[in-house]
Structures are given as C-alpha cells and as structure tokens.
Amino acid sequence: MENDICKVWDMSMDEDVALFLQEFNAPDIFMGVFAKSKCPRLTEICVGILGNMACFQDICMSISKDENLGQVLLQRLCDSDSPTLLETSRLLLTCLSQPEVANIWVERIRENPSVYDCVCFIMSSSTNVELLVKVGEVVDKLFDLDEELMLSWIKNGTCRSVGPSVDDSPEELPYFKIVPCILEASKQVRSDNPEGLDVYMHILQLLTTVDEGIQAIVQAPDGGKETWSLLYDLVCQELCQPDDPPIIVQEQKTVLASILSVLSAMFASQTEQEYTRMRKNMPLIGSLIRILQYMEGCGKRAVDNSKESKEEETGRADVNEEDFHLKILKDICCELLSNMLQELTKENTLEGLHQGHLNEQTCSCAFQNLLPLYFASVESFLEVLREADQTLADNLEKRFPSLKVHT
C-alpha cells in the first residue's frame with residue numbers, strides 16, 4: 001500500500017492528476033487520515049500530496065480557504081516526525097509564495113499562537129538540516145510578508161500548552177525567544193548548507209529593520225555577544241577569505257549583505273559593549289576592506305565581460321541584478337567600515353598595522369570606496385593614523401588630495 005500511495009504522491013505533481021484528486025475530495029480524505037492514523041509515514045505522504053497539489057493556483061486557493069484543513073495542517077507543525085514536519089513546511093511555503101492566498105495563511109498563523117512555539121522548538125532543537133532550512137524559509141517568508149507578525153513573534157515568549165504529552169496532560173513547551181532559536185538553527189546549517197545560512201542571516205536582517213528587533217538582539221541576557229560572535233566568525237573565518245578568488249564575493253553577496261547589515265545595526269546601538277571594542281575587531285576591519293577589494297576585482301571583470309558580449313542581449317537582466325546586489329553589499333560594507341574607523345585609537349591603529357590589516361594598499365582601497373560620502377570618518381581616521389604612522393598618512397594624503405586640502 002505504501003508503494004501504491006507513493007506513486008500517487010509522485011503523480012500528483014501533474015496538474016491533471018492533482019485536479020482529479022481534488023475532484024474526488026482527496027483533501028477531505030486526508031483530513032480523516034490526519035485525525036485517525038497513527039502511522040507517521042502515511043501522514044507524511046498525505047501532506048506531501050497536498051503540497052504537490054498546492055503548486056497549482058486554483059487548487060491552492062481551494063485548500064487555503066478550507067479553514068478546518070488549514071488548522072489541521074498548522075497542527076502538523078507540532079508533530080514529532082521530522083519527515084512530516086518537512087512536508088508540512090514545504091506545503092506552507094508553497095502557499096505563502098502564492099500572492100492570492102498568502103494573506104489567508106499569514107492571518108491564520110497570526111491567530112494560532114502554537115505555530116510560534118512549534119517553529120521555535122524546531123529551530124532550537126532539530127539537527128535535521130533539510131528541515132531547518134525549510135522552516136527557515138517559512139519564517140523568512142512570513143516576516144517578509146507581514147511586519148506585524150514579525151513584531152508579535154519578537155515580543156513573544158510566554159509559555160503555552162501545545163500538543164499531548166505521554167500522560168495525555170498538556171505539554172508545556174519551553175520559554176522561547178526568537179533570536180536564540182535563529183542562532184541555534186544557524187549554527188546547525190552553517191557548515192552543511194550555504195543556502196540555509198543565507199536564509200537565517202536574512203531573517204536576522206529582517207529583525208533589524210524594526211527597533212524592537214534590534215533590541216531583541218542587543219538586549220539578550222548576554223547583551224548580543226552570541227550573535228556578534230557568530231557573525232564575526234562567519235565574516236572573519238569562513239566567508240570571502242584571503243585564499244578565495246575575488247569572484248567568491250559574487251557567490252556570497254547576499255549572505256554577506258545580511259550579516260554586515262546586522263553587525264552594522266549592532267555596532268551602532270551597542271558601542272559600549274565589550275565585544276564591539278575596537279581592539280578586538282581589527283580582523284573585522286581587515287575583512288571589510290578585503291570584501292571591498294574583491295568587489296573591485298569583480299567590477300573590472302564585469303567591465304571586461306561586457307566589452308566581449310556587447311552584442312549579446314540575453315542575460316542583461318541577470319547582470320543588472322548582480323550589480324544591484326553588489327551595490328547593496330558595498331553600501332552596507334562602507335557604512336560599517338566608516339563607523340568602525342571613527343572609533344579607532346592610536347593603539348588600535350598600531351595593532352592593525354602590526355597585524356597587517358592596515359597598510360597603504362588596504363587603506364587606499366578603504367579611502368577609494370568611502371570618499372566622498374564618508375569624508376568625516378576618513379578624516380578622523382587619518383588624524384589617528386598620523387600619530388601611529390606619519391609616513392603612511394603622508395602617502396595617503398598624496399594619493400587623495402581632497403584630504404590634504406582640509407587638514
């Protein structure tokens with residue numbers, strides 16, 4: 001029977017088969033399965049079939065408007081079976097990705113507080129990378145669609161009774177906060193799934209678009225140290241490294257933009273925290289300058305490629321989109337770098353020179369990208385640099401005459 005129903009699962013990717021299943025009230029049959037079956041595999045397959053059927057607009061509308069089915073599917077997020085959770089998350093993401101029905105699901109999730117607890121429980125405790133990535137995509141989509149929902153999840157954290165326990169009394173889930181759960185999931189996916197890391201970093205970035213989100217990060221019991229440490233390690237130890245080719249910045253541009261955006265928001269709001277002290281962050285300044293250097297390398301390559309393919313019309317939209325994302329990354333990178341340079345002392349600068357993060361080449365790259373928009377930051381840093389290395393400061397002034405005029 002499992003083989004037969006798995007064939008139906010595969011066939012349901014065909015629109016005609018999906019319509020046939022809907023005509024014979026398959027969603028109602030599956031409702032009965034969810035209510036009575038004690039076989040996790042059967043539940044997984046039924047949710048999977050619904051997920052395939054939901055890929056087609058009219059069927060998705062029908063499934064989404066069925067309030068009873070909608071509530072039952074959300075309850076599946078409290079399931080203990082990972083494959084069922086994965087198929088449920090896929091189904092939700094499919095529905096949330098269709099504009100005609102997305103609001104129905106956002107409202108349904110907003111009115112169902114158990115979803116928050118179940119999602120947080122998965123993110124904080126699961127080791128199934130595929131499941132974590134899919135749940136992350138659902139959260140990312142939800143936050144992108146509805147700021148009010150994101151705000152309510154940021155403020156959430158009360159204990160709720162969800163799901164039956166062994167003795168049939170309500171099982172109280174732990175006290176969840178959204179940021180630690182996101183961090184835990186990020187740690188699980190970081191080495192195995194770059195796309196998943198991108199998703200979770202974008203969720204963090206979305207949090208920083210509202211004051212409440214920034215406060216949730218920096219007012220954690222550790223003052224945001226865990227978040228800063230994770231993002232710092234990613235930038236300084238894993239992404240865009242010295243032995244990588246410059247083109248790597250193209251591949252990593254979106255995750256880098258998300259990470260640097262969060263770091264920038266944290267740095268601007270928590271300059272008194274120990275982890276933001278500049279003596280600990282010279283490697284980060286070096287990494288920011290390296291990202292800018294790699295982007296310059298990509299820019300030159302893009303110009304060369306455009307000369308070779310002037311007559312080719314296809315692919316221009318993709319190139320423009322890549323340029324757009326690189327520009328966003330550059331803007332975020334420059335903003336954070338300018339803020340950090342302003343905080344440097346003579347001692348920090350000497351340390352940066354000694355460690356090799358600051359030299360004529362890296363400083364020139366930084367100035368080239370920061371001027372003229374961040375003139376005040378560059379001027380402030382140059383004054384400190386003059387105390388640490390007069391010769392280097394003089395050389396930079398010669399390369400950037402606009403600085404000499406104002407000194």
Side-chain angles (χ1 to χ4, degrees), residues 235-236 239-250 252-253 256-257 260-261 263-264 267-268 278-307 322-407:
V235 175
C236 296
L239 300 172
C240 213
Q241 292 302 291
D243 55 350
D244 289 328
I247 196 66
I248 195 72
V249 78
Q250 280 279 14
Q252 298 174 352
K253 57 185 177 291
L256 282 169
L260 297 185
S261 182
L263 287 173
S264 186
F267 189 82
M278 293 314 303
R279 62 185 174 82
K280 294 188 173 184
N281 285 305
M282 289 310 303
L284 180 55
I285 287 181
S287 294
L288 293 174
I289 296 174
R290 182 167 60 250
I291 291 168
L292 291 172
Q293 289 175 319
Y294 282 9
M295 279 194 284
E296 287 180 353
C298 284
K300 290 175 183 175
R301 176 172 174 169
V303 170
D304 293 340
N305 287 343
S306 65
K307 288 178 181 177
E322 285 183 1
D323 291 344
F324 174 72
H325 286 298
L326 282 176
K327 184 180 184 307
I328 290 175
L329 174 58
K330 179 183 175 180
D331 290 346
I332 296 169
C333 191
C334 286
E335 180 181 5
L336 178 56
L337 180 60
S338 70
N339 288 335
M340 297 187 81
L341 288 179
Q342 277 190 307
E343 299 296 324
L344 287 178
T345 64
K346 177 184 176 182
E347 290 72 24
N348 304 147
T349 305
L350 284 169
E351 187 177 358
L353 291 166
H354 176 70
Q355 294 174 349
H357 302 302
L358 297 176
N359 53 48
E360 187 167 347
Q361 182 183 14
T362 59
C363 289
S364 295
C365 175
F367 287 12
Q368 185 72 41
N369 285 278
L370 294 176
L371 293 171
L373 185 60
Y374 296 102
F375 183 88
S377 297
V378 173
E379 191 175 42
S380 170
F381 168 65
L382 192 61
E383 290 177 9
V384 175
L385 181 62
R386 190 174 286 108
E387 297 177 28
D389 190 331
Q390 178 72 48
T391 303
L392 177 55
D394 290 343
N395 290 341
L396 289 169
E397 276 190 340
K398 291 175 185 176
R399 295 189 67 170
F400 298 90
S402 61
L403 292 170
K404 196 169 186 179
V405 173
H406 290 79
T407 54

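Computed from a prediction, not measured in an experiment: that's the story for all the values here.
Here the CD atom belonging to E360 is positioned 13.0 Å from the SG atom belonging to C365, to the nearest 0.5 angstrom. Here the straight-line distance linking atom CG of L292 with atom OG of S287 works out to 11.0 Å at 0.5 Å rounding. In this structure, I285 CD1 and Q355 CD are separated by 10.5 Å, a value rounded to the nearest 0.5 Å.
Considering only heavy atoms from C-beta on, L396 stays 4.5 Å or farther from L403 through its side chain. Considering only heavy atoms from C-beta on, V249 comes within 4.5 Å of I291 through its side chain. A 4.5 Å side-chain heavy-atom check between Q293 and P246 finds every atom pair outside the cut-off. Residues V384 and N348 have side chains not in contact (no heavy-atom distance under 4.5 Å, counting atoms from C-beta outward). Using a 4.5 Å heavy-atom threshold, the side chains of L358 and F381 count as touching.
Using modelled atom types, no side-chain atom of E351 and backbone atom of T349 make a donor-acceptor pair closer than 3.5 Å. Looking at K253, its side chain does come within 3.5 Å of a backbone N or O of Q250 through a donor-acceptor pair. Looking only at distances, no side-chain donor or acceptor of S380 sits under 3.5 Å from a matching main-chain atom of A376. Using a distance-only test at 3.5 Å, with no hydrogens or angles considered, no donor-acceptor pair links the side chain of N281 to the main chain of L284. The backbone N or O of S364 lies less than 3.5 Å from no partner atom in the side chain of R399, so there is not a single donor-acceptor pair.
Residue-environment remark: CD (Q390) exceeds the threshold of 12 foreign heavy atoms within 6.0 Å. Surrounding CD of Q368 are at most 12 heavy atoms belonging to other residues, nucleotides or ligands under 6.0 Å away.
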Should L288 and L260 be marked as a side chain to side chain contact (heavy atoms under 4.5 Å, CB included) after you check the CA-CA gap, both sets of side-chain angles, and the distance that decides it? CA-CA 9 Å; L288 293 174; L260 297 185; 3.6 Å; yes
Determine, step by step, whether E296 and N369 satisfy the side-chain hydrogen bond (donor to acceptor under 3.5 Å, both in side chains) criterion, reporting the C-alpha distance in whole Å, the side-chain angles of both residues, the deciding distance to 0.1 Å, and the verdict. CA-CA 9 Å; E296 287 180 353; N369 285 278; 3.2 Å; yes
Please lay out, stage by stage, how L329 and M295 fare under the test side chain to side chain contact (heavy atoms under 4.5 Å, CB included). CA-CA 9 Å; L329 174 58; M295 279 194 284; 4.0 Å; yes
Run the side chain to side chain contact (heavy atoms under 4.5 Å, CB included) check on L350 and E387 step by step: do they pass? CA-CA 9 Å; L350 284 169; E387 297 177 28; over 6 Å; no
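Shortest non-hydrogen contact noted between R386 and E397 is NH2-OE2, 2.5 Å. Residue Y294 comes nearest to Q241 through the heavy atom pair OH-O, 2.9 Å, listed as atom of the first residue, atom of the second, then distance.
A salt bridge links K327 to D331: one of the charged nitrogens lies within less than 4.0 Å of a carboxylate oxygen.
With hydrogens and angles left out, the side-chain atoms of D394 and T391 include no donor and acceptor closer than 3.5 Å. Q252 and D244 share no donor-acceptor pair across their side chains, judged by distance under 3.5 Å alone.
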Residues 332-342, side-chain donor-acceptor partners within the protein, below 3.5 Å, at least two apart:
{"unit_1": "S338", "atom_1": "OG", "unit_2": "C334", "atom_2": "O", "d": "3.3"}
{"unit_1": "S338", "atom_1": "OG", "unit_2": "E335", "atom_2": "O", "d": "2.8"}
{"unit_1": "N339", "atom_1": "ND2", "unit_2": "E335", "atom_2": "O", "d": "3.3"}

